[in-house]
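Before any comments, here is the structure.
These numbers were taken from a predicted model, which means no experiment stands behind them.
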Amino acid sequence: MTDFSHKPTLTGDLVVLRPVTEADVPALLPMFEDPEGNRLTGNHTHFDEATLVKWYGSRGATDNRLDLAVVERATGQVVGEAVLTEWDAGNESCAFRIAFVPDAVGRGLGTEATRLIVGHGFETLGLYRIWLEVYAFNPRARRVYEKAGFTPEGVLRGALLWEGERVDATVMSVLAPEWDGARQAVG
């Protein structure tokens, strides 16, 4: 693996992951305006549309992270994003994050999108470790990550300050040998 400069399209039964562009901002804007989504992801920052257009317009030129739009196959609508970031080439690892617009939650789209991008990280990019953080008040996301093979590693106590309350974050990861075993058990 040299970098994340190649931006693939990954196809599943429910979703297609494809390179995100500035044209996706109108569809993704509700994700950034959703108070519950911001709480679950610990996002304290307000992003205006112009900032998002600039950000998403620059994703194709990056070689240190992979930002993919999640497109629901049934409707053709962009419903979220899946990202491999914080790439550590020397250790063959990176972080993973995923987020959806409010009306796309709870339909299995996140589970499939997670499996697609994690599979790409291991099978195509040659990563050894993919990790994430999930907040204690987001058990639904934790279940999705566990279904995709992520294992809890530890707790970052009081990692998030949300509306005056300290919230723990669980660090979870999946390693390439675990992914291979989980894939063979299913396939």
Side-chain angles (χ1 to χ4, degrees), residues 1-20 28 31 37 40-43 55-56 59-71 78-100 104-105 108-157 159-160 167-187:
M1 171 177 67
T2 55
D3 60 30
F4 290 142
S5 59
H6 173 68
K7 310 299 183 190
T9 296
L10 310 172
T11 303
D13 295 332
L14 301 174
V15 298
V16 172
L17 305 184
R18 61 146 174 85
V20 69
L28 292 172
M31 183 173 74
L40 294 175
T41 59
N43 178 31
W55 171 258
Y56 285 113
R59 300 302 79 209
T62 63
D63 63 3
N64 65 345
R65 58 184 283 147
L66 178 61
D67 296 82
L68 299 177
V70 179
V71 180
V78 172
V79 295
E81 66 178 357
V83 180
L84 295 178
T85 186
E86 298 185 43
W87 179 41
D88 180 344
N91 291 309
E92 300 174 330
S93 76
C94 71
F96 165 68
R97 67 180 199 74
I98 191 166
F100 283 88
V105 176
L109 307 177
T111 299
E112 185 175 79
T114 298
R115 288 181 177 145
L116 286 170
I117 197 166
V118 169
H120 177 73
F122 290 131
E123 298 162 19
T124 303
L125 299 175
L127 293 169
Y128 180 78
R129 179 177 186 268
I130 299 176
W131 64 275
L132 58 85
E133 294 177 16
V134 60
Y135 294 112
F137 52 42
N138 197 352
R140 181 178 59 217
R142 182 173 171 149
R143 283 191 299 277
V144 167
Y145 303 142
E146 288 170 343
K147 283 195 270 185
F150 284 84
T151 301
E153 295 184 326
V155 175
L156 302 174
R157 298 177 303 149
L160 174 69
V167 181
D168 293 347
T170 299
V171 176
M172 302 178 77
S173 73
V174 60
L175 306 179
E178 297 164 345
W179 179 258
D180 289 342
R183 192 183 69 213
Q184 290 170 7
V186 172

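Taking OH of Tyr128 as the reference point, atom CG of Asp88 lies at 14.0 Å (rounded to 0.5 Å). Here the straight-line distance linking atom OG1 of Thr151 with atom CH2 of Trp131 works out to 15.5 Å at 0.5 Å rounding. Atom-to-atom distance recorded for Thr41:OG1 and Phe100:CZ is 13.0 Å, nearest 0.5 angstrom. The CG atom of Leu160 sits 11.0 Å away from the CG atom of Asn138 when rounded to the nearest 0.5 Å. Atom CG of Asp67 is separated from atom CZ of Arg18 by 12.5 Å, given to the nearest 0.5 angstrom.
Annotation for Gly149 and Val174: closest pair O-CG2, 3.4 Å, computed over non-hydrogen atoms. Contact between Phe4 and Leu125 at its shortest, heavy atoms only, is CE2-CD1, 3.0 Å. Closest approach of Leu127 and Cys94 over heavy atoms only: CD1-SG, 3.5 Å. Here the shortest heavy-atom pairing between Pro8 and Pro19 reads O-CD, 3.4 Å. Minimum interatomic distance between Ile130 and Gly121 (heavy atoms only, all atoms of both residues): CD1-CA, 4.2 Å. What you find for Val79 and Ala104 is that their closest heavy atoms are CB-CB, 3.6 Å.
In this structure the side chain of Phe137 reaches within 4.5 angstrom of the side chain of Leu40, judged on heavy atoms. Counting heavy atoms from C-beta outward, Val70 and Leu68 have side chains that stay 4.5 Å or more apart. For the pair Leu28/Val78, a side-chain contact is recorded, criterion being any heavy-atom separation below 4.5 Å from C-beta on. Side-chain contact between Tyr145 and Ile98: present, with at least one pair of heavy atoms (C-beta onward) separated by less than 4.5 Å. Residues Val171 and Val155 form no side-chain contact, since every pair of their non-hydrogen atoms from C-beta on lies 4.5 Å or further apart.
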Could you walk me through whether Val83 and Leu66 satisfy the side chain to side chain contact (heavy atoms under 4.5 Å, CB included) test, starting with their C-alpha distance in whole Å, then the side-chain angles of each, then the deciding distance to 0.1 Å, before giving a yes or no?
CA-CA 6 Å; Val83 180; Leu66 178 61; over 6 Å; no
Derivation of the side chain to side chain contact (heavy atoms under 4.5 Å, CB included) call for Thr62 and Lys7:
CA-CA 9 Å; Thr62 63; Lys7 310 299 183 190; 3.3 Å; yes
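For Tyr56, the side chain to side chain donor-acceptor pair (under 3.5 Å) partners at least two apart in sequence or on another chain are Glu81. A search for side chain to side chain donor-acceptor pair (under 3.5 Å) contacts involving Thr85 returns Arg65, not counting sequence neighbours. When the side chain to side chain donor-acceptor pair (under 3.5 Å) test is applied to Asp168, no partner is found at least two apart in sequence or on another chain. Legend: residues meeting salt bridge (Lys or Arg N to Asp or Glu O under 4.0 Å) with Glu146, ordered by chain and number and at least two apart, are Arg142.
Of the possible polar contacts, one joining the Glu178 side chain to the Leu175 backbone as a donor-acceptor pair under 3.5 Å is found.
In this structure, Phe150 and Phe96 have parallel ring planes: the angle between them is below the 30° cut-off, well short of the 60° mark.
Residue pairs meeting the salt bridge (charged side-chain N to carboxylate O under 4.0 Å, His left out) criterion with at least one member in residues 129-140, sequence neighbours excluded: Arg129-Glu153.
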Please tabulate, for the side chains in residues 110-117, all donor-acceptor contacts under 3.5 angstrom to protein atoms that are two or more places apart in sequence or on a different chain.
{"from": "Glu112", "atom 1": "OE1", "to": "Asp13", "atom 2": "N", "distance (Å)": "3.3"}
{"from": "Glu112", "atom 1": "OE1", "to": "Leu14", "atom 2": "N", "distance (Å)": "2.6"}
{"from": "Glu112", "atom 1": "OE1", "to": "Val15", "atom 2": "N", "distance (Å)": "2.7"}
{"from": "Glu112", "atom 1": "OE2", "to": "Asp13", "atom 2": "N", "distance (Å)": "2.9"}
{"from": "Glu112", "atom 1": "OE2", "to": "Leu14", "atom 2": "N", "distance (Å)": "3.3"}
{"from": "Thr114", "atom 1": "OG1", "to": "Gly110", "atom 2": "O", "distance (Å)": "2.7"}
{"from": "Arg115", "atom 1": "NH2", "to": "Lys147", "atom 2": "O", "distance (Å)": "3.1"}

